[in-house]
Number of protein chains: 2
Amino acid sequence: MIKKTDKLYRNEERGTAMNKRLPKYMVLKNELLGWIESGRLSPGSQVPSENEIAERFSLSRQTVRQAFSELERQGLLERVQGKGTFVRSLNLREETVQPKTIGIVTTYISDYIFPHIVRGAEAELRSRGYRLLLASTDNDKEKEMECLRLMLSEPLSGLIIEPTKSAEGNPNLPFYLSMQSRNLPFLMINERYRELEVPCLKVDDELGGLTAVRRLVERGHRRIAGFFKTDDLQGVNRLRGFMHAHREARMPLAPEHVVTYATAQKSELPVLRARELLASPNRPTAFVAYNDELAVPLINAARELGLSVPGDLSVVGFDDSALALASGVPLTTLTHPKEEMGREAARRLIAMIEGGSAGGSPPDGDVLYVPEWIERSSAAAPSARE
Amino acid sequence: MIKKTDKLYRNEERGTAMNKRLPKYMVLKNELLGWIESGRLSPGSQVPSENEIAERFSLSRQTVRQAFSELERQGLLERVQGKGTFVRSLNLREETVQPKTIGIVTTYISDYIFPHIVRGAEAELRSRGYRLLLASTDNDKEKEMECLRLMLSEPLSGLIIEPTKSAEGNPNLPFYLSMQSRNLPFLMINERYRELEVPCLKVDDELGGLTAVRRLVERGHRRIAGFFKTDDLQGVNRLRGFMHAHREARMPLAPEHVVTYATAQKSELPVLRARELLASPNRPTAFVAYNDELAVPLINAARELGLSVPGDLSVVGFDDSALALASGVPLTTLTHPKEEMGREAARRLIAMIEGGSAGGSPPDGDVLYVPEWIERSSAAAPSARE
DNA sequence: ACATCTCATTTGTACGTACAAGCATACTAA
DNA sequence: TTAGTATGCTTGTACGTACAAATGAGATGT
């Protein structure tokens, strides 16, 4: 495709005297510029390697490097170690700087599984040369708005968002719509606002609730109580699976065996209800807890009442968190991908950013993780006397 | 005027192996940046010639040229053939906007107490209108450099840093020095690199070690074993307090009762040693653990050997983490301010930024938190038969 | 089938040499 | 005196070598 004889030489022959004799690297620069402008090298395509150019033009590699690096500085080329040199696409050339910063908004930074999600995303982003902006909403929709406003106050490449109280409405919809119309890529983790069509990475919570009950039923449990937080969709879905499994097993489900609560009540109400249930004549033989964070106090409550876990009561948690192993009774629980989810969210967001298709080229780009049962010591068959 | 011995050299001598990550021309760039921003090279003045720099730093002229040309590209230098290289005047490179973004670099994002520190800082920063950039080093000095480089790739108002393996050397010193000379405010939390004079917020770890032993002695313990991580200064200081308390109480300290380990060994070695100690004829009646994270497996190890906690063995942790309550035996431990430390770090950094006195107007701006004893259930008097 | 390893290719770093070209100063010759 | 020259500095251009580090593809082992 590319001719062997080149203008480079004609130039030298011709202009020696009058033309001040352009330096070779300058001549090469002009030559390459011509290639790009003429379309001989299209945007995004790979430029012949330094060695190849050097040989073809009978230059040393250092001279070629000088030409390349000036073109890189001007934003026309992009060099990647180990891969090669590429013509930067036109639209990228117009922006002076690419922000290379992405934001994550989660409900809680410090607690439970969220640090692990952030960690996974951070590692992936750092390795790809992106910086991570972090903000937390404390599960408060007003703060969510604050966070979004602050994040968007400076240029940003993309956003990863964990919705706040996803089961309720979404007062910050205008923000998200404006992001969509601005072609700012973003995606959601754990859950999505129903009003928005954006890619989402989540655990199949309904399947999780289903699995928890199925496994307990297999072990012989017939009276199972469930404790679910219902102001986010994760809890709602786990509860849905919990009930589904009861229907499936044709087991009656007493209304008092379903305990729902809101985030604000999480430290009091479920434990209170648990005590009542455990003191009742026909007490449940197993608890399904919304997550490990709740499973631990439920276990402690049971033990305070003189019941042994799992001897007298089986308890199943969710999320396979650090608490599962730290707890007195190692928790039987269902997995949450945590770090992997963070990593994958980062990967997909970067693909959206760099692929240019901000809207979401994968139309159904959701990822649904299957929660896996982790057998530890907090669940067993109900004791004989039950 | 300019000294013959140079930081560049000190650095090379010290960190030959680990410092190889930072290319020489980058080191030189940072060095020159320092010269310029510190006023050692005033605007308009002539920079030593390429050959002179090359000789002084024992570099080849080509390498010096690489550094110079990058600085020229950034608009800091101006080169004139035949005359020399000059520092461009300040007004040509004034900063346009105040970034209002600060960075935090910690060892681990996801584990243990670090999320709480980040959380505290995030809350404070958000309320003051700052954005938070987060990066983690995984306790790896090379990643620390990566993080710093990435963070500094765009304008930043300030940095909060938790040192990586603070007990060992600091190969990234050039970065920190260049930050200081560029008047970029930063401070350290938990520990400080000995080589740097920067404000630092930390817990009085020595006092913590001292207190732990004192309280155990008050309860009648005479044989106390301590487990400390010694690749960061926190562990070293806690150990120091541990030994100090023994001297103070005129209690002999058997060498095998001091177990030290590195981060890489944390999941195996201490528990192994604990089992040995507990199986020995004259076993200790109390353990002081480097932190709660270690206290939990120590307790579990004891219980696996049929010992009750605190009946047969008292265990004291550090940091009052979430694990302290989740554990089977609620941990007696010493506090770590966590969120408060994060908040205060953010407050002080903002004061440094907005007060303009980047160097640190509070000459001795350190904050030393006193760890407080939290009485729970893992420590008691030794049993009578001991 | 899947992870792991090896290997060739690419750019990055670092050193070396040599000479050209621009600039300032000192010196020389008309 | 004055113009021109010589000299010695500077940066610029150009070539060369060598090895390091990242990447991706093909081979290999389990």
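Lettering follows sequence order; numbering is per chain, from 1. What you see below is based on every heavy atom in this structure, not just the backbone, and it leaves out hydrogens, waters and symmetry mates.
- OP1 or OP2 of D:dG12 has at least one side-chain nitrogen or oxygen of B:Arg65 nearer than 4.0 Å.
- Residues that satisfy the side chain to side chain donor-acceptor pair (under 3.5 Å) test with A:Ser45, not counting sequence neighbours, are absent from this structure.
- Here C:dG16 presents its C1' atom at 15 Å from CD of B:Gln66, a figure rounded to the nearest Å.
- Protein atom NZ of B:Lys24 is 16 Å distant from nucleotide atom C1' of D:dA21, rounded to whole Å.
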Could you walk me through whether B:Arg73 and B:Phe68 pass the side-chain contact (heavy atoms from CB on, under 4.5 Å) check?
CA-CA 9 Å; B:Arg73 176 162 51 93; B:Phe68 274 35; over 6 Å; no
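- Pairing each heavy atom of A:Ala324 with each of A:Thr333, the nearest pair is CB-CG2, 4.5 Å.
- Across the protein-nucleic acid pair, B:Phe86 atom CZ and D:dC9 atom C1' stand 12 Å apart, rounded to whole Å.
- Between the CD atom of A:Glu55 and the P atom of D:dG16 there is a distance of 12 Å, rounded to whole Å.
- With sequence neighbours excluded, no residue satisfies salt bridge (charged side-chain N to carboxylate O under 4.0 Å, His left out) with B:Glu168.
- Residue B:Leu59 contributes atom CG, which lies 13 Å from atom C1' of C:dG16 at whole-angstrom precision.
- Taking atom CD of residue B:Glu146 and atom P of nucleotide D:dA21, one finds them 13 Å apart after rounding to whole Å.
- The residues B:Glu52 and B:Arg56 are annotated as salt-bridged, a charged nitrogen and a carboxylate oxygen being separated by less than 4.0 angstrom.
- OP1 or OP2 of C:dG12 sits under 4.0 Å from a side-chain N or O of A:Arg79.
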N/O contacts under 3.5 Å, protein versus nucleotides 5-10 of chain C?
{"residue": "C:dT10", "atom": "O2", "partner": "A:Gly82", "partner atom": "N", "Å": "3.3"}

Report, one pair per line, the protein and nucleotides 17-19 of chain D atoms (nitrogen or oxygen only) whose separation is under 3.5 Å.
{"residue": "D:dT17", "atom": "O4", "partner": "A:Gln62", "partner atom": "NE2", "Å": "3.0"}

With a cut-off of 3.5 Å and sequence neighbours excluded, list every side-chain donor-acceptor pair involving residues 338-345 of chain A.
{"residue": "A:Lys338", "atom": "NZ", "partner": "A:Asp319", "partner atom": "O", "Å": "2.7"}
{"residue": "A:Lys338", "atom": "NZ", "partner": "A:Asp320", "partner atom": "O", "Å": "2.8"}
{"residue": "A:Glu340", "atom": "OE1", "partner": "A:Arg343", "partner atom": "NE", "Å": "3.4"}
{"residue": "A:Glu340", "atom": "OE1", "partner": "A:Arg343", "partner atom": "NH2", "Å": "3.1"}
{"residue": "A:Glu340", "atom": "OE2", "partner": "A:Arg347", "partner atom": "NH2", "Å": "3.1"}
{"residue": "A:Glu344", "atom": "OE1", "partner": "A:Arg347", "partner atom": "NE", "Å": "3.0"}
{"residue": "A:Glu344", "atom": "OE1", "partner": "A:Arg347", "partner atom": "NH2", "Å": "3.0"}
{"residue": "A:Glu344", "atom": "OE2", "partner": "A:Arg348", "partner atom": "NE", "Å": "2.9"}

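- Residues that satisfy the salt bridge (charged side-chain N to carboxylate O under 4.0 Å, His left out) test with A:Glu72, not counting sequence neighbours, are A:Arg79.
- Contact check, A:Thr63 against D:dC15: a side-chain N or O comes under 4.0 Å of OP1 or OP2.
- Comparing D:dG12, D:dC15, C:dA14 by their nearest atom to the side chain of B:Tyr25 picks out C:dA14.
- Ionic pairing of B:Lys266 and B:Glu293 is present here: one or more N-O contacts between side-chain nitrogen and carboxylate oxygen are shorter than 4.0 angstrom.
- With rounding to the nearest 0.5 Å, the separation of CZ in A:Arg376 from CG in A:Leu331 is 7.5 Å.
- At whole-Å resolution of the value, CZ in B:Phe68 and P in D:dT10 are 11 Å apart.
- The interatomic distance linking A:Phe57 (CZ) with D:dA14 (P) rounds to 14 Å, in whole Å.
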